Amino acid sequence: MKNVSIFGSTGSIGTQSLDVCEKAGYSVHTLCAHKNIALLEKQARRYSPKKVIVTDEGAAAQLRASLKDTAVSVEAGFSALLEAAKDDTQDVIINALMGVLGLLPTLHALKAGNDVALANKETLVAGGKLVTCLAKEKNKTLVPIDSEHSAIFQCLQGNHIEQVERLIITASGGPFFGKTREELQTVTKEQALCHPNWSMGAKITIDSSTLANKALEFIEAMWLFSLPPEKIDVVVHRQSIIHSMVEYVDGSVMAQMGAPDMRIPIQYALTWPQRMDSPAKRLDLLSCPSLTFERPDVETFTCLADGIEAAKRGGLCPCIFNAANEQAVELFLAGKIGYLDIFLAVHRAMEHFAASDYETVEEVLEQDREVRAFVRQMFS
Ligand code: NDP
Ligand code: MG
């Protein structure tokens, strides 16, 4: 029996996490979202959490009124979220927030000695050094939810990280695999939001189409498994059956496979090192397509090359990469820039900002703000 909190409970990972908790019989401690109070109200009534946090203050007031016939307390604002991260009466926090705003809640949770299951990859990309140092200091394992990292985490069980030759992160290639730069010029929001294998939130779906997601995952893997960029490879595997692999020094390669269903890595993050029965789809090898592997096209999908370059430069460079991408994707989703402008914004930001090192979260967040302003200025 676990007491689970979910930050970002109304999103794609958040709703699937609640599904996992319900099937596993876990109780729900705190739920948090930004402003989708219609769904949050349903979740509060169904799962009876101790507390619900709405970061949008106006929406919080509305939800408080709607839930006044229940025992659920409703709190407002980002500061309430940070307080909730520190609460030591929960067993684990699933961080399923979208974007770099997940960084402070992760740090607050770890500082208070709480366990964190991490879907929010931007946390590790922007502030990986701070997050992993703190986890080490507190003797906490950051358990990944991202399917590739969960796959690697599973392939590492019972093995030694020193005996790893390389990690092989698989990429679906997204909806525009095989397209030329010219063909990408006319891509619309609707086309980019249509992923071949996974159903996810809007931002990560766009990231998957540009391969920025794979770059974020490359950096995420460096931090989670303490490996240098030279020990990480990306390979396109269109079928999303092998979720990633670990090659060991003896030439043995371990792969984790399964149907593309996020409830598998979410549940493993909660039950690790144990496993539990799950309603997730089963892999039917006899009806699954042939497995193929190809090199990613980093000349067309420059976000991947830029992200790997950011990983190599280190310091604040991954934060710069992430901030430019987050801001550009937001503008693209709002219909304000074209699809190729995302690639341009990321590349320009990487050229413009020098990558210095950092020691504090304030430096990371300040860099993030500067890069976002730079990208907005680019297209104003
Ligand atoms: P969604 O966009 O579906 O959900 C985001 C969640 O964060 C929502 O609950 C949203 O609330 C909440 N949120 C957004 N802004 C704020 C804010 N300012 N304050 C508080 N809450 C906020 O994202 P996903 O579930 O797709 O992704 C979440 C994270 O998991 C991302 O980092 C993504 O990269 C990662 N991930 C996702 C996968 C997937 O399959 N979806 C797979 C692997 C990783 P509201 O609804 O009210 O706006
Ligand atoms: Mg992933």
Side-chain angles (χ1 to χ4, degrees), residues 1-33 40 43-44 46-53 72-73 75 80-98 101-124 127 130-147 149-154 156-157 220 223-225 262-280:
M1 184 65 181
K2 272 193 176 168
N3 219 347
V4 183
S5 293
I6 304 169
F7 295 173
S9 68
T10 52
S12 161
I13 293 290
T15 49
Q16 295 180 85
S17 298
L18 279 167
D19 193 29
V20 166
C21 287
E22 185 170 356
K23 304 270 175 10
Y26 293 159
S27 64
V28 176
H29 187 282
T30 300
L31 295 179
C32 168
L40 209 44
Q43 294 179 341
R46 181 163 182 152
Y47 300 102
S48 306
K50 198 173 129 193
K51 196 185 321 177
V52 164
I53 295 160
V72 180
S73 98
E75 294 181 10
L81 171 59
L82 296 183
E83 277 309 306
K86 293 192 264 183
D87 187 332
D88 62 4
T89 61
Q90 57 207 336
D91 294 318
V92 57
I93 296 171
I94 294 182
N95 186 341
L97 295 164
M98 195 280 289
L101 72 96
L103 178 58
L104 280 175
T106 300
L107 290 173
H108 277 65
L110 289 171
K111 225 171 269 170
N114 281 322
D115 284 335
V116 179
L118 207 57
N120 176 242
K121 62 190 80 180
E122 297 89 347
T123 283
L124 277 175
L130 303 174
V131 176
T132 51
C133 281
L134 190 56
K136 203 165 172 195
E137 185 190 315
K138 297 287 178 179
N139 206 14
K140 291 285 166 194
T141 302
L142 284 166
V143 187
I145 285 182
D146 210 348
S147 59
H149 305 75
S150 174
I152 293 166
F153 188 68
Q154 293 181 55
L156 286 170
Q157 296 303 309
E220 184 186 9
W223 287 115
L224 279 173
F225 308 112
M262 284 307 295
R263 290 175 303 174
I264 298 174
I266 293 170
Q267 178 169 304
Y268 189 70
L270 298 177
T271 62
W272 164 83
Q274 304 294 326
R275 292 183 186 272
M276 202 191 265
D277 190 25
S278 150

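Remember, predicted model here, so these are calculated numbers, not experimental data.
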Considering non-hydrogen atoms only, spot the tightest contact between [X] and [Y] and give its length.
X	Y	result
Leu101	Met98	CD2-O, 3.5 Å
Arg263	Ala280	NH2-CA, 3.6 Å
His29	Ser5	CB-OG, 3.3 Å
Asp19	Tyr47	N-OH, 4.5 Å
Leu97	Gly102	CD1-CA, 3.9 Å
Ala85	Pro105	CB-O, 3.5 Å

Hey, does [Y] have a side-chain heavy atom less than 4.5 Å from the side chain of [X]?
X	Y	value
Leu31	Leu18	yes
Leu118	His149	no
Val4	Asp91	no
Leu124	Leu142	yes
Val28	Gln43	no
Lys111	Leu134	yes
Asn3	Ser27	yes
Lys140	Val116	no

I need the [X] [atom1] to [Y] [atom2] distance, nearest 0.5 Å.
X	Y	atom1	atom2	value
Leu110	Asp115	CG	CG	9.0 Å
Asp146	Phe153	CG	CZ	13.5 Å
Thr141	Asn139	OG1	CG	7.5 Å
Ile145	Gln16	CD1	CD	10.0 Å
Leu81	Phe7	CG	CZ	5.0 Å
His108	Lys86	NE2	NZ	4.5 Å

Test your reading of the model: is there a side-chain donor-acceptor pair from Gln90 to the backbone of Ala84, 3.5 Å cut-off? yes
Near Lys138 NZ, under 6.0 Å, is it more than 12 heavy atoms from other residues, nucleotides or ligands? yes
Could you list the donor-acceptor pairs under 3.5 angstrom formed by side chains in residues 264-271, with sequence neighbours left out?
unit_1: Gln267; atom_1: NE2; unit_2: Met276; atom_2: O; d: 2.7
unit_1: Gln267; atom_1: NE2; unit_2: Asp277; atom_2: O; d: 3.2
unit_1: Thr271; atom_1: OG1; unit_2: Gln267; atom_2: O; d: 3.2
unit_1: Thr271; atom_1: OG1; unit_2: Gln274; atom_2: O; d: 2.8

Hey, mind stepping through Glu75 and Glu83 against side chain to side chain contact (heavy atoms under 4.5 Å, CB included) and telling me if it holds? CA-CA 10 Å; Glu75 294 181 10; Glu83 277 309 306; 5.6 Å; no
Stepwise, does the side chain to side chain contact (heavy atoms under 4.5 Å, CB included) test hold for Val131 with Trp223? CA-CA 9 Å; Val131 176; Trp223 287 115; over 6 Å; no
